[in-house]
> 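The following block contains the structure, expressed as C-alpha cells.
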Amino acid sequence: MSLRQLFHQPKLAIHKTVENQQNKKLRHVAIAGNIGAGKTTLTTQLGQHFGWDIFYEDVDHNPYLDDFYEDMRRWSFNLQVYFLNSRFDQAKKIQTGSQVVIQDRTIYEDANIFAPNLYEMGLMSPRDFENYTTLFKLMTSFLAPPDLLIYLRASTDTLLNQIKRRGRAYETNIRPEYLENLNQYYETWINNYTAGKLLIININDINYADNPEHLQAVIDQIKQELHGFEL
C-alpha cells in the first residue's frame, strides 16, 4: 500500500464552500482518535514542525483516571465531567487566543463517543447521562469547531499493542471489547462529521512515530488540507 492510499479525504460539508475558506486565518487543528491511537505523539510532532501551540489532553493531572479504570460504574460521570470542563477551557482559550493551536482530542469526542459508550454499557446512569448531555450542549453552543480535524483510525489490535508499548499503569485493565465499542462510536461520528475539513489517517499501516518518511507524508497531506488558510 502506498502512502497516498493511507489517507482518506472526505469532501467538505455542503454548507461550507472552498471560497469561504480562502484567506481565513488558521486557528485550530485537532487530533481525534481512540485510546492508544497515537494522538499525543502526532500532536507533538506537528506542533514542533509547524510552530503551533500544543494543547494536550489532561491525563497526568486527572484525579479520576486511576479510580475510573478500577471501578468504571462509580467514577464514569466524574471522569467525563472533568474532561468536559478541561476541554471546554482549552477551546475557549483557542478561540480567544492569537496563536494557532493543535489540540490532543476534542470536546466533541467526549459526548459522541465516551459518554454514550459508558451509558450503553450500563456504566453511567440515565440521570447522569442526561445531565452530562445537557451540559455538553450548553458548552458547545459557545464554541466553533476545529478548522481541520485529523482522525487517527486504528484496529483494536493496533490500539492494544500501542497501549502496551507506552506502559501506563492505569491502562492495564482496559479490555479489548471496550476499545472495540469506542471504535464503533468513532466510526459513526466520523462518518457523519460535517462541521469542517476532515483528514482520516489509517495508522494500522503507518508509523509516523519512528519513520521520518511516514511523518513527512502526513505533514504534506496536512499542508494540502490547509491550502487557502492564512498560516
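Note: hydrogens, waters and symmetry copies are ignored here, and every other heavy atom, side chains too, is used. On a predicted model such as this, the values are computed, not experimentally measured, just so you know.
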> Answer yes if the side chains of Thr40 and Thr43 hold a donor-acceptor pair under 3.5 Å, and no otherwise.
no
> Checking Asp110 now: which residues fulfil salt bridge (charged side-chain N to carboxylate O under 4.0 Å, His left out) with it, not counting sequence neighbours?
Arg87
> Mind checking what makes side-chain contact (heavy atoms from CB on, under 4.5 Å) contact with Phe68, not counting sequence neighbours?
Met72, Trp75, Ser76, Leu79, Leu118, Tyr178
> Among residues at least two apart in sequence or on other chains, which ones pass side-chain contact (heavy atoms from CB on, under 4.5 Å) with Glu180?
Thr156, Gln184
> Pairs in or reaching into residues 123-142: which pass salt bridge (charged side-chain N to carboxylate O under 4.0 Å, His left out), with residues at least two apart or in two chains?
none
> Testing Asn161, Asn183, Asn34, Asn204 for side chain to side chain donor-acceptor pair (under 3.5 Å) with Ser155, which one passes?
Asn204
> Sequence neighbours left out, what pairs pass salt bridge (charged side-chain N to carboxylate O under 4.0 Å, His left out) with at least one residue falling in residues 92-109?
Glu57-Arg105, Asp89-Lys93, Arg105-Glu109
> Going by the rule side chain to side chain donor-acceptor pair (under 3.5 Å), which residues pair with Ser86 if we only count those two or more places apart in sequence or in a different chain?
none
> I need the full list of ring-ring contact (aromatic ring centres under 6.0 Å, His included) pairs touching residues 139-160, with sequence neighbours left out, sorted by first then second residue.
Tyr151-Tyr186
> Would you please name every residue forming a side-chain contact (heavy atoms from CB on, under 4.5 Å) with Gln216, sequence neighbours left out?
Ile219, Asp220
> Residues in salt bridge (charged side-chain N to carboxylate O under 4.0 Å, His left out) with Arg165, at least two apart?
Asp210
> Ala209: which residues meet the side-chain contact (heavy atoms from CB on, under 4.5 Å) condition with it, sequence neighbours left out?
Thr41, Asn207
> Mind jotting down which residue pairs meet the ring-ring contact (aromatic ring centres under 6.0 Å, His included) criterion with at least one end in residues 101-129? Sequence neighbours excluded, please.
Tyr119-Phe129
> Going by salt bridge (charged side-chain N to carboxylate O under 4.0 Å, His left out), name the residues that satisfy it together with Lys223, two or more places apart in sequence or in a different chain.
none
> May I ask you to decide if the ring planes of Tyr132 and Phe136 are parallel, tilted or perpendicular, using 30° and 60° as cut-offs?
parallel
